[in-house]
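The first residue of the sequence shown is numbered 1, and numbering continues consecutively from there. Both backbone and side-chain heavy atoms feed into the values below; hydrogens, waters and symmetry mates do not.
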Amino acid sequence: MPSYTPPIRDVRFVLEQVVGLSAHAEVEGFANATPDTVDAVLEEGGRFVAEVLFPLNQIGDQHGCTRAEDGSVTTPPGFKEAYRQFVESGWGTLAAPEAFGGQGMPHVVSTAFQEFMISANMAFAMYPGLAHGAIAALVAKGSPEQQARYLPKMVSGEWGGTMNLTEPQCGTDLGLIRTKAEPQADGSYRITGTKIFISAGEHDLTDNIIHLVLAKTPGAPDSSKGISLFVVPKVLVNEDGSLGARNAVTCGSIEHKMGIHGNSTCVLNYDGATGWLVGEEMKGLAAMFIMMNAARLGVGLQGLAVAETAYQNAVHYARDRRQGRALTGPAEPGEKADTLMVHPDVRRMLMEAKAWTEGLRALCLWGALQVDLEHKAGTEVERQMAGDLIGLLTPVIKGVGTDKGYEVATSAQQVFGGHGYIQEWGMEQYVRDARIAMIYEGTNGVQAMDLVGRKLAQNGGRAVQAFFQIVTEEVALAKTVEATAGFATRLERALNDLQAATLWFMANGMKNPENVGAGAVSYMHLMGLVATGLMWLRMAAAAARMRDAGEGDAAFLDAKLVTARFFAERILPDAGALRRKIEGGAEAVMALPEAMFLAA
């Protein structure tokens, strides 16, 4: 049976030493995030997910969700009671606006708790997770009436929420949607169409689900410019806030999918359902991107969170399982075999997992800080800088976070050998669950194209130049300190590769755009390598400083420094190979005639 322990000590270290939570006390909402309060969130939140949510993870996978003939959906055993406890404990309200019943805590604190929840039970975490994205869109674009009607109960968790984009004939290319919105005399719209892959689209956890739906009005351009956003409740809401008649939206089926069986991924049929325009007509895509960007950061967190659980279980197994002898001679002569921990290749997989999970945790939490600062920092300069950084790094956090999350999950499964393929050990579930995150909210190839096709050139390259400047300055400072000089030198080389690749795109992208497309994923991973390297530089510097001052747990700090060294010596060198792939251009990628792909 698998196990999970929330990595509270590591999160606390990142919040204090990398994010610098206490240094932002003057920012709105941060005054509430006192050390005692944050400790309580981490301790109590960790206890809740470990004791309530984690025991349901395999149950949810094995039982899945069930659709009845009337279109209603029943979640796995235990989910409904766990959700009731989640709502009553207020965990979903941490970072929600106080005006609508939230606690107004920093997003970065809520992100730390969300990691724990996803690690414990990814399928369960998606139910409130989708609602948070819908809340963000309504806060930004909803009318005062819509906000008053829907947000208080969505924030409390009494009502759920979804985002409805995909249709059978369109995924990433949303201009192809066919769902129609016919205006009615009372100002509402009749929504007709079919949406697929709708996570948490129908379930029994809440009395109502507030769907945000993309559709086209009559006469709108048959492209992405013609898309509008509508709020369509599962159950209509009366003027006094009570629930009225059932709306004309039903679950046609539950998708039969590879993983996350505990979440009801639905086909939703809209048969003249009543909805209301959110924001301006034909401005729906901009409104939906508010949800999508929040979701992309959340999906990056999914990659990290599943990797963390898989890694923990691989470590436990490697400590216990005895197979073979150490290459240097028996480590435990009194036993018939040594543990897996003596084998360098097992160590390699575990160290790569540790280096990526801890590095990505720091990157996700630092990214969450930028979300807070973008909206609440005291000056326009600070808000602009934070917005630039998180805009640039969102596709990196999503793409690299989920690619590496899946990679860690499969490596952890490999540590188990044959037992990793057997259901009872739980590892194959983590591999299956992690796989969807690479597809969600735009596949990782789409994320890479967003990075190189939009984000690099945005505002004259202001964001990427700011990122380069941050890394350059911190590397220069770290090179003056003995404990971090070696790491800084290696990170500098990786940064040089990233800058050279950026210049290569500038020189070769205009004459042949396919050069950019062919190198996009490698570039995304190269930037992810440098961004995660920056996090490890900060963690190494903090660990060395604390160790020298006699602060903190010496063993924990030493482990940080050893893992930073591993990242520098065994992972950062990949930057050179990624650069060379980019500079290889598109010719070999595009040269093979289509007819020759299947040359039977």
Side-chain angles (χ1 to χ4, degrees), residues 130-151 154 161-198 201 209-234 236-237 247-249 268-296 375 387 391 394-395 440-442 446-447 449-450 453-455 457-459:
L130 269 296
H132 290 159
I135 290 167
L138 287 173
V139 167
K141 298 294 183 180
S143 68
E145 179 185 12
Q146 290 169 347
Q147 292 175 350
R149 177 163 296 189
Y150 301 116
L151 285 178
M154 292 176 73
T162 71
M163 52 194 296
N164 283 225
L165 291 76
T166 309
E167 298 182 10
Q169 77 289 345
C170 84
T172 302
D173 189 354
L174 292 172
L176 299 176
I177 68 170
R178 297 174 185 162
T179 299
K180 297 297 183 184
E182 297 283 345
Q184 305 298 298
D186 63 358
S188 67
Y189 289 77
R190 287 176 59 83
I191 312 297
T192 303
T194 298
K195 298 290 185 178
I196 64 171
F197 305 159
I198 308 305
I209 303 172
I210 310 304
H211 303 293
L212 290 187
V213 183
L214 290 185
K216 293 177 180 175
T217 53
D222 192 20
S223 68
S224 61
K225 295 180 180 179
I227 295 174
S228 299
L229 180 65
F230 299 87
V231 57
V232 187
K234 168 184 166 180
L236 297 171
V237 182
N247 208 351
V249 51
L268 290 184
N269 297 320
Y270 290 85
D271 300 308
T274 302
W276 290 266
L277 182 67
V278 176
E280 299 179 53
E281 188 176 354
M282 292 186 286
K283 300 291 185 182
L285 207 55
M288 185 60 83
F289 264 112
I290 295 170
M291 290 182 68
M292 289 179 69
N293 284 332
R296 284 171 177 172
H375 298 289
T394 290
Y440 270 150
E441 308 309 327
V446 171
Q447 302 303 319
M449 284 303 297
D450 178 45
R454 293 179 62 247
K455 299 300 176 61
Q458 213 165 45
N459 301 309

Any chance you could measure [X], atom [atom1], to [Y], atom [atom2], to the nearest 0.5 Å?
X	Y	atom1	atom2	result
Leu174	Leu165	CG	CG	5.5 Å
Lys283	Lys141	NZ	NZ	9.5 Å
Leu130	Ile210	CG	CD1	13.5 Å
Ser188	Leu277	OG	CG	11.0 Å
Thr162	Leu268	OG1	CG	6.5 Å
Lys195	His211	NZ	NE2	12.0 Å

Pick out which of Glu145, Gln147, Gln146 makes a side-chain contact (heavy atoms from CB on, under 4.5 Å) with Arg149.
Glu145
May I ask you to check whether Glu167 and Thr179 show a side-chain donor-acceptor distance below 3.5 Å?
yes
Is it true that Asn247 and Tyr270 share a donor-acceptor pair across their side chains at a distance under 3.5 Å?
no
Donor-acceptor check, side chain of [X] to backbone of [Y], threshold 3.5 angstrom: yes or no?
X	Y	value
Gln169	Leu176	yes
Lys455	Asp450	no
Arg178	Gly193	no
Thr172	Gly442	no

With sequence neighbours excluded, give me every side chain to side chain donor-acceptor pair (under 3.5 Å) pair touching residues 220-233.
Lys216-Asp222
Considering all heavy atoms, the nearest [X]-[Y] contact:
X	Y	value
Ala181	Phe230	CB-CZ, 3.4 Å
Pro395	Gly391	CD-O, 3.5 Å
Gly226	Ala220	O-CB, 3.5 Å
Ile209	Gly201	CD1-O, 3.7 Å

Student check: side-chain heavy atoms of [X] and [Y] closer than 4.5 Å:
X	Y	value
Ile177	Ile227	yes
Ile135	Leu151	yes
Tyr189	Thr274	no

Going through the distances and angles, do Val213 and Val231 end up as a side chain to side chain contact (heavy atoms under 4.5 Å, CB included)?
CA-CA 6 Å; Val213 183; Val231 57; over 6 Å; no
Check this for me: Gln458, atom CD, are more than 12 non-hydrogen atoms of other residues, nucleotides or ligands nearer than 6.0 Å?
yes
I'd like to know whether Leu214 forms a side chain to side chain contact (heavy atoms under 4.5 Å, CB included) with Asn164, so could you lay out the CA-CA distance, the side-chain angles of the two residues, the decisive distance to 0.1 Å, and finally the verdict.
CA-CA 6 Å; Leu214 290 185; Asn164 283 225; over 6 Å; no
